[in-house]
Amino acid sequence: MKKMLWRHVLREFRFSFARFLSITVLLGLGVFVLIGLKVTGPDMRATGNDYYTTHRMADAEIVSNTGITKADQTYMRHLPHIKRIEFGATQDAVIKGTNSGIRLTSKTDQISTNQVTKGRLPRNNHEIALSNRKKSHYKIGQSLHLVNNQGKATITGLKHTTYQIVGFVTSSDYLMKENLGATSAGTGQIATFGVVSKPAFTSSQPTVVRITYNNVYGKSYSNQYENQVQVNVDTAENRLNNRAQNRRKQLQHTALIKLNRTQAKLTTKQNQLDQQRTQLTSARQRLNRANQKLAQMKMVGAVSASQLASQMAQLTAQRQQLHQNQMKITKATQKLTSAQAKLKTQRRKISKLPDVTYQIQSRNDYNAGYNQFGEDAKRIDVLSNTFPIIFFAVALLVGFITMSRMAEEKRSEIGTLRALGYTRLDTMKVFLVYGTTAGLLGSALGAWLGTSLLPRRIFAAYAANFVIPNFQTPPSLFWISVSIIISLMCTLIPALWATAVMLKERPAILMLPKPPKSGSKVLLERLPFIWQHLSFNNKVTIRNLARYKSRMLMTIIGVLGCTALLITGFGIRDSLNGIVTTQYQDIIHYDVIGVYNPTASQEEQTDYRQAAANLKGVKHETSIGYETVTFRPKGVSNNQPISLIVPKSTTAFRQFATLRSPATKKPLHFSNNGAIITQKMAVLGHLKVGDYLTVERTTGQKDRIRVAGITEMYAGHSLYMNEAYYRKAFGHNVQENAKMLMLKDRTTQNIDHISRQLTKQDASLTAIQSDDAKTTINHILAGLNHLVVIIIAAASMLAFVVLFTLTNINVSERIRELSTIKVLGFYPMEVVMYVYRETFILTLAGIFSGFIAGAWLHNYIMQTLPPETAMVKMTLLWTNFTTAGVMTLIFSVVVMGIMAYKINRVDMLGALKSVD
């Protein structure tokens with residue numbers, strides 16, 4: 001008997017393979033998306049953490065705009081919770097023959113070390129190790145020639161400009177392949193980096209400090225680690241700001257002492273000149289008296305001709321000597337006047353001495369690549385909290401119904417087995433084996449693909465702009481276990497429950513067919529003026545829809561979920577693709593902001609402004625005040641960088657940027673009583689017009705800014721205000737230190753060319769290109785588009801399998817009904833349409849319901865998906881709805897084509913006498 005039972009179990013797999021396959025695929029899809037999305041974010045963070053650990057990445061970094069003295073170093077070593085501290089230096093230059101800026105960094109020993117991929121690290125000040133990404137451009141042993149912005153082989157801060165390449169390295173300080181940071185060299189962006197020895201720098205005073213802490217625990221990106229590092233940074237920030245202020249006073253004091261010494265020397269020289277001038281005047285008076293006396297003696301003839309000639313010669317010699325002395329005094333006076341003027345200029349510079357900054361930042365702030373990589377992982381986390389739930393819900397719902405229907409189909413078999421003497425467990429064995437096999441096989445297939453394929457595809461897309469290699473994706477025992485448990489519950493519980501209920505009845509009752517549900521009038525039948533005009537087929541369709549309510553509901557819900565997923569997938573792609581067009585055509589019109597040093601000499605500043613005005617290909621240009629400030633909204637662990645822009649002419653500024661309301665699109669105007677902030681700043685800080693936000697400058701000074709308007713912006717944070725409100729908010733006048741340019745040719749090559757022309761000026765600090773943010777957006781787009789393609793493909797397969805499974809259940813349950821109408825003479829197409837008409841109506845109902853659900857899901861994801869520095873357009877295109885609807889209908893037609901083949905092959909007589 002046991003052998004026959006097992007043969008019966010195996011026969012069930014053969015005769016219902018389509019059902020088994022559909023259950024397996026449904027569960028596999030659910031597990032695939034669940035595990036794939038749930039493990040990718042943690043796997044990315046774990047991979048990044050291993051890379052950072054290998055490179056001994058610093059927890060925080062201090063950057064100074066002046067050399068760090070021995071006393072400063074001692075002070076920093078005694079900051080709270082310091083585990084290790086290492087001092088270094090950097091210097092930017094231009095690679096000869098190119099416009100590429102390179103940052104030379106001193107070799108480190110313990111913190112943020114460089115890992116050699118080929119060759120070795122430099123051992124003397126003539127050697128350099130380049131970024132590993134330059135391995136295909138340079139060879140070991142080759143010489144690298146550097147120049148300054150003017151193309152000369154003299155670089156301030158470096159002893160040499162020619163280095164021998166001895167190796168290639170990786171660094172945790174440079175995690176991105178492009179946009180390594182802003183610089184004053186080249187086009188304004190660091191293109192690559194190199195490592196040199198500390199003696200390669202001319203100054204012994206470092207400018208960069210790397211720190212690790214002894215009270216931080218947890219891995220990178222964990223709340224425990226990030227929060228504690230930020231607490232340490234905040235604690236040290238106030239102390240360093242006070243130290244910087246004292247250092248500035250010390251520098252001013254030291255400079256004033258030197259100036260006073262010089263002034264004393266100049267005063268002495270002035271006194272000496274005054275004495276010489278007095279002596280010269282006396283000598284000139286004596287000479288004049290001698291001339292007068294000689295003339296009188298000549299008139300009275302009291303002197304001979306020889307004596308007269310001798311005295312005349314003496315007077316001429318004295319006159320020449322006086323003239324020479326006068327020339328010397330004049331020259332000395334000119335030199336003294338020039339020295340006094342220089343001294344006055346130096347005194348004015350000292351009074352305007354720039355603030356000394358010791359800016360301390362955590363990894364999230366000083367390393368853009370670290371922050372961006374973490375943001376990418378967060379985006380996957382956001383998707384993992386929504387899409388897998390819907391996938392699994394649909395898959396489990398359909399699987400639950402399928403197994404329940406299977407149990408009801410086996411009613412007579414269960415009765416027969418019980419009548420033959422099989423135990424209750426034996427009668428359930430077919431469901432146990434069938435459900436367990438489908439659940440385990442689906443879970444195994446989904447777990448394998450979800451662990452290997454999906455995470456690697458996502459990482460490959462997102463890591464395209466990062467240098468982090470060796471993605472690790474170990475099996476997640478937790479999520480695999482959860483998936484298996486849910487899958488087995490889905491396949492076993494409904495069948496076993498239905499079987500347990502049936503086993504309460506006697507075998508004789510179970511062997512009889514279950515009585516059909518009694519029919520009842522539908523609502524339309526009570527409306528004769530409508531019902532009487534319907535055809536027979538339409539009346540049957542309406543009655544069947546009302547009769548099988550559970551199947552109707554399941555079909556609608558299944559199609560609804562799949563359609564919503566498709567709409568959301570297409571919507572994510574289009575919402576992100578629309579950012580670039582809106583941002584750089586409708587809102588941002590400038591191409592370059594050239595920033596120069598306001599403390600440079602007036603001549604250098606004038607030269608810079610003239611160079612900017614004389615550039616060829618500039619359509620419009622205007623002067624602005626530009627600086628970078630930060631703010632930290634509540635609930636956000638890292639500081640948000642803000643571009644503070646103060647136009648000299650608010651009227652002219654309208655040509656360079658369109659400030660408008662996100663809702664009404666009406667233009668915003670500058671106010672004397674507040675600033676205009678960008679939309680994402682308002683969202684992060686929960687700000688509205690009339691609220692205040694606190695911004696922090698590089699000196700540590702914090703100021704409250706009133707929000708006078710919120711402008712539409714999709715990338716980056718900006719703060720716009722006029723000169724009057726700047727003076728009110730910060731307590732001093734704005735310094736004009738930048739030129740904003742709009743170019744006729746807006747290609748990347750021309751923008752780089754213009755940027756290079758600006759950085760060649762002595763007063764230049766950097767050139768900021770407006771499309772720098774475009775690179776970040778395109779990176780986000782590339783990663784999400786790959787992910788969206790996978791989601792759309794999975795959602796499409798899910799929709800197809802759901803429709804196939806539910807339609808197959810419908811056909812299988814009504815096989816006798818279909819055989820009856822076929823025997824009565826219905827044509828094959830009429831028989832197919834008898835079923836498909838119901839499926840089509842339910843599919844349409846599911847599609848239209850999915851439109852509503854898809855719009856809601858898209859809106860929810862678009863509010864949580866973008867990074868902290870970007871916004872997206874929330875609108876859905878009509879094509880998102882039509883594409884998703886048409887795809888679902890196509891799947892429905894394909895399914896009915898498959899079902900038509902099955903219906904046409906039905907053994908009508910066998911089906912009609914199956915009860916007998």
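No experiment lies behind these values; they were computed from the predicted model shown.
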>> Closer than 3.5 angstrom, by distance alone: can the side chain of T161 be matched with the main-chain N or O of V147 as a donor-acceptor pair?
In response: no

>> For the backbone of S64 and the side chain of T357, can you confirm whether one donor and one acceptor N or O come within less than 3.5 Å of each other?
In response: no

> Can you tell me if Y51 and S172 form a side-chain donor-acceptor pair at under 3.5 Å?
Replying inline: no

> Listed by chain and number, what are the side-chain contact (heavy atoms from CB on, under 4.5 Å) partners of S755, not counting sequence neighbours?
Replying inline: T187, V592, I751, A767, Q769

> Which salt bridge (charged side-chain N to carboxylate O under 4.0 Å, His left out) pairs, counting each pair once, include a residue from residues 77-92, with sequence neighbours left out?
Replying inline: D92-R103

> What closest approach, in Å, do G186 and R756 show between heavy atoms, and which atom pair accounts for it?
Replying inline: O-CD, 3.4 Å

> Which pairs pass ring pair (Phe, Tyr, Trp, His ring centres under 6.0 Å) with one or both residues in residues 230-250, sequence neighbours excluded?
Replying inline: none

>> Is there a side-chain contact between L240 and I62 in this structure, where contact means two heavy atoms from C-beta onward sitting under 4.5 Å apart?
In response: yes

> What pairs with H126 under side-chain contact (heavy atoms from CB on, under 4.5 Å), at least two apart in sequence or on another chain?
Replying inline: N124, H160

>> Under the ring pair (Phe, Tyr, Trp, His ring centres under 6.0 Å) definition, can you give me all pairs with a residue in residues 79-107, not counting sequence neighbours?
In response: none

> Are any of the side-chain heavy atoms of Y174 and S131 separated by less than 4.5 Å?
Replying inline: no

>> Quick check: closest heavy atoms across V169 and L121, and the distance to 0.1 Å?
In response: CG1-CD2, 3.7 Å

> Under a 4.5 Å cut-off applied to non-hydrogen side-chain atoms, are F466 and M176 in contact?
Replying inline: yes

> Backbone N or O of E736 within a donor-acceptor pair of the Y596 side chain at under 3.5 Å?
Replying inline: yes

> What's the shortest heavy-atom distance between Y626 and V595, and which atoms?
Replying inline: CD2-CG2, 3.9 Å

>> Are the side chains of L79 and N232 in contact, using a 4.5 Å heavy-atom criterion?
In response: no

> Under 3.5 Å, is there a donor-acceptor pair between the side chain of T766 and the main chain of T183?
Replying inline: yes

> Looking only at heavy atoms, what is the nearest atom pair of P122 and I128, with distance?
Replying inline: CB-N, 4.1 Å

> Any side-chain donor paired with an acceptor under 3.5 Å for D234 and Q230?
Replying inline: yes

> Any donor-acceptor pair under 3.5 Å linking the side chain of K159 with the backbone of P199?
Replying inline: yes

> Are any non-hydrogen side-chain atoms of V734 and M721 less than 4.5 angstrom apart?
Replying inline: no

> Side chain of Q115, backbone of T54: donor and acceptor closer than 3.5 Å?
Replying inline: yes

> Among pairs that include at least one residue of residues 205-236, which meet ring pair (Phe, Tyr, Trp, His ring centres under 6.0 Å), considering only residues two or more places apart or in two chains?
Replying inline: Y221-Y370

> Is there a side-chain hydrogen bond (donor to acceptor under 3.5 Å, both in side chains) between N639 and E696 once you walk through the steps?
Replying inline: CA-CA 9 Å; N639 294 315; E696 182 176 349; 5.5 Å; no

> By side-chain hydrogen bond (donor to acceptor under 3.5 Å, both in side chains), which residues pair with R243, not counting sequence neighbours?
Replying inline: D72

>> What's the separation between atom CD in Q761 and atom OG1 in T606, rounded to the nearest 0.5 Å?
In response: 11.5 Å

> How would you list, by chain and number, every residue that makes a side-chain contact (heavy atoms from CB on, under 4.5 Å) with P598, sequence neighbours excluded?
Replying inline: Q735, N737

> Does the side chain of L615 reach to within under 4.5 Å of the side chain of L758, using non-hydrogen atoms?
Replying inline: yes

> Would you find a donor on one side and an acceptor on the other, under 3.5 Å apart, between the side chain of N367 and the backbone of R363?
Replying inline: no

> Taking atom types as modelled, is there a side-chain donor on R239 or Y75 under 3.5 Å from an acceptor on the other?
Replying inline: no

>> Among N114, T117, V195, V116, exactly one meets side chain to side chain contact (heavy atoms under 4.5 Å, CB included) together with F168. Which residue is that?
In response: T117

>> Please enumerate all residues that pass side-chain hydrogen bond (donor to acceptor under 3.5 Å, both in side chains) together with Q189, with sequence neighbours excluded.
In response: D772

> Would you say the side chain of I642 lies within less than 4.5 Å of the side chain of V695, judging by non-hydrogen atoms?
Replying inline: yes

Quick one: side chains of residues 134-146, donor-acceptor pairs under 3.5 Å with protein atoms, not counting sequence neighbours, listed by atom name and distance.
| residue | atom | partner | partner atom | Å |
| --- | --- | --- | --- | --- |
| K135 | NZ | N132 | OD1 | 3.1 |
| Q142 | OE1 | K139 | N | 3.0 |
| H145 | ND1 | T162 | OG1 | 3.1 |

> So, Q605 side chain and A600 main chain: donor-acceptor pair closer than 3.5 Å or not?
Replying inline: yes

> Excluding sequence neighbours, so at least two apart, what forms side-chain hydrogen bond (donor to acceptor under 3.5 Å, both in side chains) with H753?
Replying inline: none

> Which atom names give the shortest non-hydrogen contact between V63 and E61, and what distance separates them?
Replying inline: CG2-OE2, 3.7 Å

> With V231, which residues qualify under side-chain contact (heavy atoms from CB on, under 4.5 Å), at least two apart?
Replying inline: Q228, T235

> Hey, are the side chains of L158 and Y163 touching, using non-hydrogen atoms and a 4.5 Å cut-off?
Replying inline: yes

> Testing N49, T53, D59 for side chain to side chain donor-acceptor pair (under 3.5 Å) with S220, which one passes?
Replying inline: N49

